[in-house]
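Notes to accompany the following structure.
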Amino acid sequence: MRVHSFHPKQNNQAHFNDLKPTKEQSKPANLIATSRETLPKITVNGIAIDPKQIAQETQYHPANSKDDALYLSARALVMRELLRQAVLAESSLGLAAWERDEEQAIGDLLSKNVLPKNPTDTNITQYYQQNRAQFTTPPIITARHILLASPPEEGDERLQLKKQASEIIEKIQNSHNPDADFLFYAQQLSACPSKNDGGNLGVIKKGTTIPEFETAVFALPKGLGVNPIETRYGIHIVDVIDKKEGLALNFAQAKPMIVNHLTQQSFHHSLVDYLFKLSQNAKIEGIELNMHEENVYRG
């Protein structure tokens, strides 16, 4: 079972998920072990955390070193044990709720104890005014392409195809009828099913195509791309037929997104407070959680 870790970030941001360790968290002192121990003995109010579980948990916590991964894993299991004990102590939940469904029990516990504040109209307006650039419709592009297919591992073949693509681009650029020539090369050479429609890809929105193609295409100006684009599928000659930048959203359009963002932010702040409280009221031995009060938002 995957266990999430907790770490309060700077600027009052916190997430109950997998996070990279800070420099302080990477210190060996965070896991208090003797030289004879591979892993320290960690207890939460007298309940031991199984070292085998810590080792198994590391697969969910990629880190720069084994020590960092072990620390993140141990911390995640400590936080889960704190939540388990809180569930057992909650009269409306208890052992029955935990045995019935652990994740649901934790969710019910947090629903009762982690209460986000509803953003005020002033908060919402202020956020919109300070972050207008975030609120736009996605840009869209209408494009066509010619795909010279080649597997990624065929390096020499790809070099030849890049050269061929550059030659085709030059021919189209110097053509008296570039549209007709693009259509001709698409039908004759393209390995994409769009060849039957002159290479037309239609409207492209962000998130609807492979990342390397998307990044390159959305960086192009309107018109025939002067350089071929390389992707996992091969070499592409791309013609941007139309390009529309994202349009700014007005306050009414942006408001639902802002409310959701601020509510989620408030939830994370409240979650930090609750987890900090649990850790402060518990006797935890064998690990330093590095949960300092100054890291906890109390707005």
> Between R80 and E102, is there a side-chain N and carboxylate O pair less than 4.0 Å apart?
Replying inline: yes
>> Assess whether a salt bridge exists between E99 and R84, defined as any Lys/Arg side-chain N lying under 4.0 Å from an Asp/Glu carboxylate O.
In response: no
Would you list the pairs meeting side-chain hydrogen bond (donor to acceptor under 3.5 Å, both in side chains) in which at least one residue belongs to [range], sequence neighbours left out?
{"range": "residues 203-215", "answer": "E212-R232"}
{"range": "residues 181-193", "answer": "S175-D181"}
{"range": "residues 239-260", "answer": "R144-D239"}

Kindly compute the distance separating [atom1] ([X]) from [atom2] ([Y]), expressed to the nearest 0.5 Å.
{"X": "L147", "Y": "F213", "atom1": "CG", "atom2": "CZ", "result": "9.0 Å"}
{"X": "I47", "Y": "I284", "atom1": "CD1", "atom2": "CD1", "result": "13.0 Å"}
{"X": "Q173", "Y": "L224", "atom1": "CD", "atom2": "CG", "result": "5.5 Å"}
{"X": "T142", "Y": "K222", "atom1": "OG1", "atom2": "NZ", "result": "9.5 Å"}
{"X": "K162", "Y": "E157", "atom1": "NZ", "atom2": "CD", "result": "12.5 Å"}
{"X": "F218", "Y": "I141", "atom1": "CZ", "atom2": "CD1", "result": "4.5 Å"}

Under 3.5 Å: donor-acceptor pair, side chain of [X], backbone of [Y]:
{"X": "S270", "Y": "S266", "value": "no"}
{"X": "D197", "Y": "G199", "value": "no"}
{"X": "S73", "Y": "T58", "value": "yes"}
{"X": "R158", "Y": "P151", "value": "yes"}
{"X": "N131", "Y": "Q134", "value": "no"}
{"X": "Q85", "Y": "V44", "value": "yes"}
{"X": "Y274", "Y": "H269", "value": "no"}

Co-membership, hydrophobic cluster, residues [X] and [Y], 4.5 Å side-chain:
{"X": "L271", "Y": "L82", "answer": "yes"}
{"X": "L148", "Y": "L220", "answer": "no"}
{"X": "F251", "Y": "V259", "answer": "yes"}
{"X": "L249", "Y": "I140", "answer": "no"}
{"X": "V272", "Y": "L262", "answer": "no"}

>> For Q160 and D156, which I'm curious about, is there any donor-acceptor pair between the side chains at under 3.5 Å?
In response: no
> Does a donor on one side chain sit under 3.5 Å from an acceptor on the other, for D68 and S65?
Replying inline: yes
> I169 versus P228: any side-chain heavy-atom pair under 4.5 Å?
Replying inline: yes
>> Parallel, tilted or perpendicular, judged at 30° and 60°: which one describes the rings of Y127 and F135?
In response: perpendicular
>> Using the rule given for side-chain hydrogen bond (donor to acceptor under 3.5 Å, both in side chains), can you reason through Q126 versus N123, listing the C-alpha separation, both sets of side-chain angles and the distance that settles it, and then say yes or no?
In response: CA-CA 5 Å; Q126 185 178 41; N123 296 147; 4.9 Å; no
